[in-house]
A.B. asks: 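Below: one structure in structure tokens.
Both backbone and side-chain heavy atoms feed into the values below; hydrogens, waters and symmetry mates do not. One-based numbering along the sequence shown.
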Amino acid sequence: GSLSGYHLKIGIVPEPPIAFLSESCVDRDTSSPDCWYGWNPDIIVQLQKDLNFTYEYVRPEGDKYGGFDNNTRTWNGMVKDILDRKIDLTLALSINSERLPYIDY
């Protein structure tokens, strides 16, 4: 399999040890893969090597994974970014019954 020619937008939230944001990137654009390290960035690096794609990271508003607001009937955070197609994928979301009807795991 190959994703050659694809540029992916990957959702990420700084949450050690899953994902660390490099101190050199705190006050600047954090989309560069060079700004991130930890378990999930390591997995993405290996997938990129195996599948030959380019990528950037996208942080959700408020660095939230995503919760459902029963009053507005809308999602926030990374789930909203997936639903709005602002990101292509993430490794950071756990499977739960609330999210399952809305996103594919």
A.B. asks: Carefully, step by step, assess R73 and F68 under the rule side-chain contact (heavy atoms from CB on, under 4.5 Å).
C.D. replies: CA-CA 7 Å; R73 310 289 301 157; F68 189 73; 3.4 Å; yes
A.B. asks: Could you see if Y57 belongs to whatever hydrophobic cluster contains Y65? Use Ile, Leu, Val, Met, Phe, Trp, Tyr and a side-chain cutoff under 4.5 Å.
C.D. replies: no
A.B. asks: Do you know the tightest heavy-atom contact between R99 and S94?
C.D. replies: NH1-O, 3.0 Å
A.B. asks: Do L3 and L47 sit in the same hydrophobic cluster, where Ile, Leu, Val, Met, Phe, Trp and Tyr count as joined when their side-chain heavy atoms come under 4.5 Å apart?
C.D. replies: yes
A.B. asks: Hey, any chance Y6 and I82 share a hydrophobic cluster, counting ILVMFWY side chains that come within less than 4.5 Å of each other, even indirectly?
C.D. replies: no
A.B. asks: In Å, rounded to the nearest 0.5 Å, how long is the span from CG of D88 to CD of E56?
C.D. replies: 9.0 Å
A.B. asks: Is it the case that one hydrophobic cluster holds both L93 and I18, taking links as side-chain heavy atoms less than 4.5 Å apart, direct or via other members?
C.D. replies: no
A.B. asks: Between I43 and V13, is there shared hydrophobic-cluster membership here, with clusters defined by ILVMFWY side-chain heavy atoms closer than 4.5 Å?
C.D. replies: no
A.B. asks: So how far is it from K80 NZ to K86 NZ, rounded to the nearest 0.5 Å?
C.D. replies: 5.5 Å
A.B. asks: Let me confirm one number: the CG-SG distance from D34 to C25, rounded to the nearest 0.5 Å.
C.D. replies: 7.5 Å
A.B. asks: If you round to the nearest 0.5 Å, how far is OG of S4 from CZ of F53?
C.D. replies: 11.5 Å
A.B. asks: Evaluate R59 against L21 for side-chain contact (heavy atoms from CB on, under 4.5 Å), listing each step before the verdict.
C.D. replies: CA-CA 11 Å; R59 292 170 71 177; L21 177 61; 3.4 Å; yes
A.B. asks: If you draw a 6.0 Å radius around CG in D27, do more than 12 non-hydrogen atoms from other residues or ligands fall strictly inside?
C.D. replies: no
A.B. asks: For the side chain of E61 and the backbone of G77, is there at least one donor-acceptor N/O pair under 3.5 Å apart?
C.D. replies: no
A.B. asks: V45 and Y55: side-chain contact (heavy atoms from CB on, under 4.5 Å), yes or no, with the steps?
C.D. replies: CA-CA 10 Å; V45 166; Y55 65 99; 3.6 Å; yes
A.B. asks: Out of T90, T30, I87, I10, which one pairs with V58 under the side-chain contact (heavy atoms from CB on, under 4.5 Å) rule?
C.D. replies: I87
A.B. asks: Out of curiosity, I12 CD1 to M78 CE, how far, rounded to the nearest 0.5 Å?
C.D. replies: 7.5 Å
A.B. asks: Give me the atom names and distance for the closest heavy-atom approach of W36 to P41.
C.D. replies: CB-CG, 3.9 Å
A.B. asks: Could you check whether any side-chain heavy atom of K9 comes within less than 4.5 Å of a side-chain heavy atom of S31, counting everything from C-beta outward?
C.D. replies: no
A.B. asks: Output the distance between atom CG (L51) and atom CD (Q46), rounded to the nearest 0.5 Å.
C.D. replies: 9.5 Å
A.B. asks: More than 12 foreign heavy atoms under 6.0 Å from CZ of R85: is that the case here?
C.D. replies: no
A.B. asks: Please verify the inter-ring angle class for Y102 with W75; under 30° counts as parallel, over 60° as perpendicular, anything in between as tilted.
C.D. replies: perpendicular
A.B. asks: The test is side-chain contact (heavy atoms from CB on, under 4.5 Å); show your working for I44 and L89 and say whether it passes.
C.D. replies: CA-CA 11 Å; I44 295 297; L89 67 97; 4.3 Å; yes
A.B. asks: Is there a donor-acceptor pair closer than 3.5 Å between any side-chain N or O of N96 and the backbone N or O of E98?
C.D. replies: yes
